[in-house]
Amino acid sequence: MNTIQSNILNLTSLWKSATKPFNTYNEDKNIGYCFIPNSQWPNKIWLKTEHNITILNEIKLLLKSELDGLTFSYFDLDNEEQNKIIFDYHGFYESSMQFGMSLRIKEKVQISKPLKLQLITNIDDCKTWSQTFQKAFGYQISEETINKTYHNINYYLIYDHDQIVGTVISHQTNSSIGIHSLGILPHMRGNGYATQIMHHLINKGLEQGCNLATLQASKMAKSMYKKMGFKTEFIIRNYKLKK
């Protein structure tokens, strides 16, 4: 399995783990989709094969369904202009994009900030994590989602001494450590916390036998991960339907 496949597997595995308690994970030979009621995450549709008119129409029907908040996430491995033209023709518009990035990890990195990564293990912490995430990202991962999945997903609250800094999720598949939902509270940004959180999690990954770190970066965060040695390998193009 190459690094791109490992990255996508880690991401879709996280989506599956998040939606399994709700029995809302679905897949066939062509597509996968999952959603959580009253939550804005993960709520995704993705391709498992090459797209064609029939499959795109199936995706359109899902986006028009009562499953409000679904997004079609296309894993663009080749950045082909033709695909953008096809999606546009069939009524999709690109609402956002992320960059699939990975880093081979071989040795521990130096920690300069003694941050505390508090693993979520109880209902009260679920509420705090959900509220902190919403302040950092501007959208919601519901408290119910965290409460039903923290036994299988590693949600962390990040503390600098007794002050909450932000949130992060780590998710291991095979020998890959996926780093997700790394968000810093607006008033705590600009202090190097994100880089240090990454260092903490890379070191945790090594301790767990991982040799690859994967993530999906926003445009804003991409340069930070690049400085750390992460390489961009594909683009995730998130599509909605035109009105």
Side-chain angles (χ1 to χ4, degrees), residues 1-18 41-42 44 46 71 73-80 94-115 117 133 136-139 141 153-158 160 165-186 188-238:
M1 184 178 294
N2 63 34
T3 54
I4 293 175
Q5 292 170 326
S6 295
N7 194 327
I8 294 173
L9 172 64
N10 187 274
L11 180 59
T12 55
S13 170
L14 176 62
W15 293 343
K16 184 174 185 177
S17 295
W41 178 88
K44 299 289 188 182
W46 64 99
T71 298
S73 291
Y74 176 65
F75 303 124
D76 187 348
L77 310 187
D78 304 309
N79 198 19
E80 290 186 3
E94 187 179 297
S95 59
S96 64
M97 69 164 62
Q98 296 161 289
F99 299 89
M101 307 181 78
S102 69
L103 172 71
R104 288 289 182 188
I105 51 178
K106 300 177 182 178
E107 57 186 10
K108 287 191 173 184
V109 287
Q110 186 174 356
I111 303 295
S112 61
K113 285 183 183 290
L115 300 177
L117 276 66
F133 176 90
F137 284 93
Y139 69 94
I141 296 180
I153 296 174
N154 293 324
Y155 300 93
Y156 293 97
L157 277 170
I158 313 302
D160 186 353
V165 169
T167 63
V168 74
I169 293 172
S170 74
H171 184 66
Q172 184 173 346
T173 46
N174 301 323
S175 58
S176 299
I177 180 78
I179 300 168
H180 309 270
S181 301
L182 199 173
I184 307 300
L185 289 170
M188 301 297 285
R189 293 170 186 164
N191 296 302
Y193 287 121
T195 299
Q196 289 303 307
I197 293 166
M198 289 295 299
H199 288 174
H200 278 274
L201 290 174
I202 287 170
N203 289 348
K204 278 182 178 288
L206 278 168
E207 291 170 1
Q208 293 163 198
C210 295
N211 57 29
L212 183 72
T214 63
L215 54 84
Q216 300 79 40
S218 66
K219 287 183 180 180
M220 185 172 65
K222 180 184 174 186
S223 59
M224 178 192 75
Y225 296 124
K226 185 177 179 181
K227 288 178 183 177
M228 296 177 63
F230 280 82
K231 293 182 178 179
T232 301
E233 296 181 305
F234 63 99
I235 299 172
I236 302 175
R237 301 189 183 278
N238 297 307

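Each residue takes its place number in the sequence, starting with 1.
For the atom pair CD of Gln208 and CG of Asn203, the computed distance is 11.0 Å after rounding to the nearest 0.5 Å. Rounding to the nearest 0.5 Å places CG of Leu14 at 4.0 Å from CH2 of Trp41. Rounded to the nearest 0.5 Å, atoms OG1 (Thr167) and CD1 (Ile184) are 7.5 Å apart. The CD1 atom of Ile158 sits 11.0 Å away from the CG atom of Asp160 when rounded to the nearest 0.5 Å. Taking CD of Gln5 as the reference point, atom CZ of Phe234 lies at 11.0 Å (rounded to 0.5 Å). The CG atom of Leu206 sits 4.0 Å away from atom CD1 of Ile105, with the distance rounded to the nearest 0.5 Å.
Neither side chain, Gln110 nor His199, offers a donor N or O lying under 3.5 Å from an acceptor on the other. No side-chain donor from either of Asn238 and Thr71 sits under 3.5 Å from a side-chain acceptor of the other.
You'll find the side chain of Asp76 reaches within 4.5 Å of the side chain of Asn79, heavy atoms only. Proximity of Leu201 to Leu117: side-chain heavy atoms (C-beta onward) are separated by under 4.5 Å at one or more points. By the 4.5 Å heavy-atom criterion applied to side chains, Ile197 and Tyr156 are not counted as neighbours. The shortest side-chain heavy-atom distance between Leu11 and Lys44 does not fall under the 4.5 Å cut-off. Within the 4.5 Å cutoff, no side-chain heavy atoms of His171 are placed close to those of Asn154. By the 4.5 Å heavy-atom criterion applied to side chains, Met228 and Val109 are not counted as neighbours. Put simply, the side chain of Leu215 does not reach to within 4.5 Å of the side chain of Gln98, judged on heavy atoms. Counting heavy atoms from C-beta on, the side chains of Ile179 and Met198 come closer than 4.5 Å.
With Asn2 contributing its side chain and Ile4 its backbone, the two residues share a donor-acceptor pair below 3.5 Å. Between the Ser73 side chain and the Ile236 main chain, no donor and acceptor come within less than 3.5 Å of each other. A distance-only check finds a donor-acceptor pair linking the side chain of Gln196 to the backbone of Ser112 [under 3.5 Å]. A donor-acceptor contact shorter than 3.5 Å is absent between the side chain of His180 and the backbone of Gln216.
Residue Lys113 places its NZ atom among more than 12 non-hydrogen atoms of other residues, nucleotides or ligands, all under 6.0 Å distant.
Exactly one residue among Lys219, Lys231, Lys226, Glu233 makes a side-chain contact (heavy atoms from CB on, under 4.5 Å) with Phe99. That residue is Lys219.
In plain terms, the two heavy atoms of Ser6 and Ser176 that are nearest each other are CB-OG, 3.6 Å. Considering all non-hydrogen atoms of both residues, Thr3 and Ser102 come closest at CB-OG, 3.8 Å. Ala136 and Arg189 get closest at one heavy-atom pair: O-NH2, 2.8 Å. Residue Ile141 comes nearest to Ser181 through the heavy atom pair CD1-OG, 4.2 Å, listed as atom of the first residue, atom of the second, then distance.
Phe137 and Phe133 have parallel rings, their planes meeting at less than 30° on a 0 to 90° scale where 60° marks the start of perpendicular. In this pair, Tyr225 and Phe230 present their aromatic rings perpendicular. The plane angle is above 60°, beyond the 30 to 60° band.
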Start with the C-alpha distance between Thr173 and Asn10, add both sets of side-chain angles, then the distance that settles side-chain hydrogen bond (donor to acceptor under 3.5 Å, both in side chains), and finish with yes or no. CA-CA 6 Å; Thr173 46; Asn10 187 274; 2.9 Å; yes

